[in-house]
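Quick note: residue numbers are just sequence positions, from 1. Numbering of ligands and ligand atoms starts at 1, following listing order. The basis for the numbers below is simple: all heavy atoms, side chains too, and nothing from hydrogens, waters or symmetry mates.
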Amino acid sequence: MATQSVTVVGAGFAGVEAAWALAERGFPVKLYEMRPATTTPAHTTGFFAELVCSNSLKSKSPTSPAGQLKAEMEALGSVVLRTAYENEVPGGQALAVDRNLFGASITEKLRNHPLIDVIDTEWTPQMFDGSPTIIASGPLSTDAISQWLANLTGRKHLYFYDAVSPTVDASSLDMDIVFAQSRYDKGEGNDYLNCPFERDSYTAFVEALISAERAPIRAFEAGGKRDAGQAELEELFVEKIKYFAGCTPIEAIAEGGLRSLAFGNFKPVGLTDPRTGKRPYAALQLRPENKEKTLYSLVACQNRLKFGEQKRVFQMVPGLEKAEFVRYGVIHRNTYLEAPRVLTADMELDDCPGVYVAGQLTGVEGYVESAAMGLLAGVSLASKLAGKDFTYPPRATAYGSLLSHLQDDTPREFAPMNINWGLFPENEKIKDKGVRREAKITAAQAAYAEWLGSLG
Ligand SMILES: Cc1cc2nc3c(=O)[nH]c(=O)nc-3n(C[C@H](O)[C@H](O)[C@H](O)COP(=O)(O)OP(=O)(O)OC[C@H]3O[C@@H](n4cnc5c(N)ncnc54)[C@H](O)[C@@H]3O)c2cc1C
């Protein structure tokens, strides 16, 4: 019986891992990559798995979330990590690579694999013939793919821009100040937490927000000319964000007048601060990001401040003085699906059997996370095609933590997430934060070892 071949679209971080995993397990792969003939607005080379920005693949420390994810990927034969270690440059705790050597080396490995047929062409949806296809075309997928996915999933489940508020680790909130209450006590179980401002703390916050340093806008994100100045791009960008993401960056709203946030994003109506028995001057609300309520996002705080500035400014909010940010706010061009609504547990499109999705398109964020999801897509599809049952890594693992983000249907603004402490299950009984984190890694290691054993 002929072995089923698989199409993989995109030789980015997810695509190379998926293709390699399938080929190493004996399945022929057609790997489509359109660069360099056709490129994206961010890529500049023809290398596979191009690092479009930083050259860091995050922490190597075995006791960090990214380190645990790496250990899990290595056990599955990650070609990205192997190549990264072969081309490592000094980066302290981080796995940093020489981007050109890394790119050249991984491209060569994939091109020379006897079971991988690289097709240097843009893949278009008309090419889908019903055979298993992994779409790993990334955050800057071509318009043809984006439109196709939008049609298959319903337009509202495909995002073209990230407009993300910062997210904090619940255990780092000051619960002597922060109080649980939904407006007018509506909603179940006081799902919202509130950070109450007084006039002075509010004024200081708004002033800091307006004057904070912003991340530069790239011309392609704003739809402007390459040589346009930042002021012009900012204007175009704010309009685009309003249209595509239905929001305005919080710093742009604050610029509208000192009280605009108190009447808008931070309006305190229906809230009573239990410490004073009164309505606060303004209130920043926090909404749970997962069922376990280990992560909270800052409601309506989408922004484009530099990350260091976000930490400085949002830690001025009462109750967030020691907040640990697991994800900073971003507003940028980014194509991704609302995974909990449109993907099965196998990362297959609910409404289009045979089409699998991998990488950033699924709703993870980062080189390593995208590679991780590509690798898992390849391993699970190989298992399925071999007629074996495949169970996914358990909840306690780093993989299980990422998957829980993609499958958690808690009502929220779904947005791509990197691996972080808050995604791992919390052991409430352990009070000390350091010990709690050690326990998370120990539990992940044990659960992963058992899962690997079960794969046979
Ligand atoms: C501007 C920008 C900067 C970023 N900076 C960082 C960073 O510093 N650190 C970090 O960890 N993450 C960063 N990310 C986030 C992200 O995780 C990376 O972009 C990561 O590369 C995503 O992996 P992927 O495999 O999903 O997509 P990609 O690595 O982008 O791979 C997708 C591939 O598909 C190809 N492709 C697309 N459409 C087609 C088609 N129709 N036919 C054939 N080929 C196609 C593309 O050419 C590309 O090679 C950044 C993202 C962006 C957009």
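- Aromatic pair F314/F205: ring centres closer than 6.0 Å.
- Of all heavy-atom pairs between R25 and A382, the closest is CD-CB, 3.8 Å.
- Contacts between T142 and ligand 1 below 4.0 angstrom, taking non-hydrogen atoms only, involve backbone and side chain alike.
- Given atom 22 (C) of ligand 1, the protein heavy atom at minimum distance is S370 OG, 3.4 Å.
- Nearest-residue assignment for atom 19 (O) of ligand 1 (options A136, A371, A144, P139; heavy-atom criterion): P139.
- For D351, there are no salt bridge (charged side-chain N to carboxylate O under 4.0 Å, His left out) partners at least two apart in sequence or on another chain.
- Ranking the protein heavy atoms by distance from atom 28 (P) of ligand 1 puts G12 CA, 3.9 Å first.
- Only the side chain of H43 comes within contact range of ligand 1, with a heavy atom under 4.0 Å; no backbone atom does.
- Using a cutoff of 4.0 Å between basic side-chain nitrogens and carboxylate oxygens, R437 and E324 are scored as salt-bridged.
- Counting only non-hydrogen atoms, the option in A358, P41, A37, C53 that gets closest to atom 5 (N) of ligand 1 is C53.
- Every atom of ligand 1 with a heavy atom of I145 under 4.0 Å away is listed here by number and element: 40 (C), 41 (N).
- Nearest protein heavy-atom contact of atom 21 (O) of ligand 1 is F13 CD1, 3.5 Å.
- For Y392 and F390, the ring centers sit closer than 6.0 Å to each other.
- Close approach of ligand 1 to A14 is summarised as follows: ligand atoms under 4.0 Å from at least one heavy atom of the residue are 25 (O).
- Protein heavy atom closest to atom 36 (N) of ligand 1, with residue, atom name and distance, is M34 CE, 3.9 Å.
- Electrostatic pairing of D117 and K30 does not count as a salt bridge here, judged by no charged N lying under 4.0 Å from a carboxylate O.
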